[in-house]
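Following: one structure in structure tokens, then a few remarks.
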Amino acid sequence: MSGVSGPVRRTLAVALRVLQQVRRDPRTIALLVVVPCVLMTLLWWMFKDVPTFGQQGTFERLGPDLLAIFPFIVMFLVTSVTTLRERSSGTLERLLAMPLGRLDFLLGYGIAFGVLAALQSAAAVGVSVGLLGLTIHGHVWLLMIVAVADAVLGCALGLFVSAFARTEFQAVQFMPAVVIPQILLCGLFVARDSLPGVLHGLSNVLPLSYAVAAMQKLTAGSDAVGGDLAIIAAYALGCLALGAITLRRRTP
């Protein structure tokens, strides 16, 4: 890594270390890459023989939304638990005792899990569109960019909330508090415009709403997802910045 500045070199070193750790853990790789593909296949299998009576099939209707939600959930879980394991094992203390800034640490984690998110999204989109025949009227490459952005958002949110958990069990408990309300209000079950006023206003400040909105636009044939992607990126960067502020060493 000669020729790059100190902060960039340290960030890339953290990212490389995380990727090497994940490579030695096949169960985590399976969770990251295989599980979203299996869930999408299960959804297709459930509804493939259900009569549609000329209407849009359930898989066609829910598939794009779930391509936004599954990577978000998986990356949130894996990132929050992995970061907490670094903290409880003392690895975080040793890293921060070195000339390594908190933002360097979190950006390194963000880059590493961003790479994994790209692999995960490519696999899920490839299986859904290529094998299961999910119809997308917009560009498929835009669908994959949105899926990667959603996975990175889940990663950044997981890094942030891990600062408030003391055990891996507590990290998992953030799921019903942080993730499930977003799933309920993102437009998956009820169109956001049909929600009661308060819930519609709440859905406007939850980032997963924009992830699902981008997928729905692509399904309908519109490529105007730049605004939604910008909001998702802003939330991800904001979570990383807040994570850097709340990341603390246990020893001075």
Side-chain angles (χ1 to χ4, degrees), residues 11-23 25 27-37 39 66-87 91-92 95 102-125 144-165 168 170-175 177-180 182-183 186 206-212 214-215 228-247:
T11 298
L12 293 179
V14 172
L16 184 61
R17 188 182 68 85
V18 173
L19 289 173
Q20 289 174 338
Q21 283 182 333
V22 172
R23 190 183 63 177
D25 187 354
R27 285 173 297 184
T28 298
I29 294 175
L31 178 63
L32 287 172
V33 178
V34 178
V35 168
C37 298
L39 293 176
L66 293 175
L67 276 177
I69 294 172
F70 286 156
F72 174 81
I73 295 173
V74 172
M75 295 305 289
F76 174 87
L77 273 175
V78 171
T79 308
S80 57
V81 171
T82 303
T83 308
L84 194 62
R85 189 179 300 166
E86 296 274 54
R87 192 193 309 272
T91 304
L92 178 60
L95 287 173
R102 289 174 292 181
L103 192 56
D104 298 333
F105 174 82
L106 288 177
L107 283 177
Y109 258 73
I111 291 172
F113 281 101
V115 171
L116 296 170
L119 292 174
Q120 178 193 66
S121 300
V125 171
M144 201 166 89
I145 288 177
V146 175
V148 170
D150 299 340
V152 172
L153 174 66
C155 168
L157 198 56
L159 286 170
F160 173 52
V161 303
S162 69
F164 302 98
E168 295 177 11
Q170 288 181 357
V172 174
Q173 287 180 313
F174 276 108
M175 273 282 295
V178 177
V179 174
I180 291 181
Q182 297 195 58
I183 295 174
C186 71
L206 298 176
L208 194 60
S209 300
Y210 298 93
V212 171
M215 289 297 192
D228 298 306
L229 280 172
I231 293 173
I232 294 169
Y235 269 99
L237 292 174
C239 287
L240 287 176
L242 289 173
I245 294 172
T246 56
L247 192 64

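Heads up: numbering here begins at 1 and tracks the sequence.
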Legend entry - Heavy-atom closest pair, residues V146 and A211: CG1-O, 4.1 Å
Inset, instruction - With the side chain counted from C-beta on, respond yes when V152 and V148 share a heavy-atom pair under 4.5 Å apart, and no when they do not. - result: yes
Legend entry - Closest heavy-atom pair and its distance - L229, A149: CD2-CB, 3.8 Å
Inset, instruction - Tell me, with the steps shown, if L157 and Y235 meet side chain to side chain contact (heavy atoms under 4.5 Å, CB included). - result: CA-CA 9 Å; L157 198 56; Y235 269 99; over 6 Å; no
Inset, instruction - With rounding to the nearest 0.5 Å, note down the distance linking CZ in R23 to CG in L16. - result: 9.0 Å
Inset, instruction - Measure the CG-CG distance between L242 and L159 for me, rounded to the nearest 0.5 Å. - result: 12.0 Å
Legend entry - Distance-minimising heavy-atom pair for I69 and C186: CD1-SG, 4.0 Å
Inset, instruction - To the nearest 0.5 Å, tell me how far I180 CD1 sits from L208 CG. - result: 12.0 Å
Inset, instruction - Quick one: closest heavy-atom pair of A124 and P36, and the distance? - result: CB-CB, 4.3 Å
Legend entry - Spacing of CD belonging to Q173 relative to CZ belonging to F164, to within rounding of 0.5 Å: 15.5 Å
Legend entry - Heavy-atom pair with the smallest gap, counting every atom of L19 and A112: CD2-O, 3.6 Å
Legend entry - Nearest-0.5 Å distance, CG of residue L12 to CZ of residue R17: 14.0 Å
Distance-only check: which donor-acceptor pairs under 3.5 Å involve side-chain atoms of residues 73-81, not counting sequence neighbours?
from : atom 1 : to  : atom 2 : distance (Å)
T79  : OG1    : M75 : O      : 2.6
S80  : OG     : F76 : O      : 2.8
S80  : OG     : L77 : O      : 3.1

Legend entry - Contact summary for F113 and C155, nearest pair of heavy atoms: CB-SG, 3.4 Å
Inset, instruction - Calculate, to the nearest 0.5 Å, the distance between atoms CG and CD belonging to D150 and Q120 respectively. - result: 10.0 Å
Inset, instruction - State which residue, out of I111, L32, V33, V18, fulfils the side-chain contact (heavy atoms from CB on, under 4.5 Å) condition with L116. - result: L32
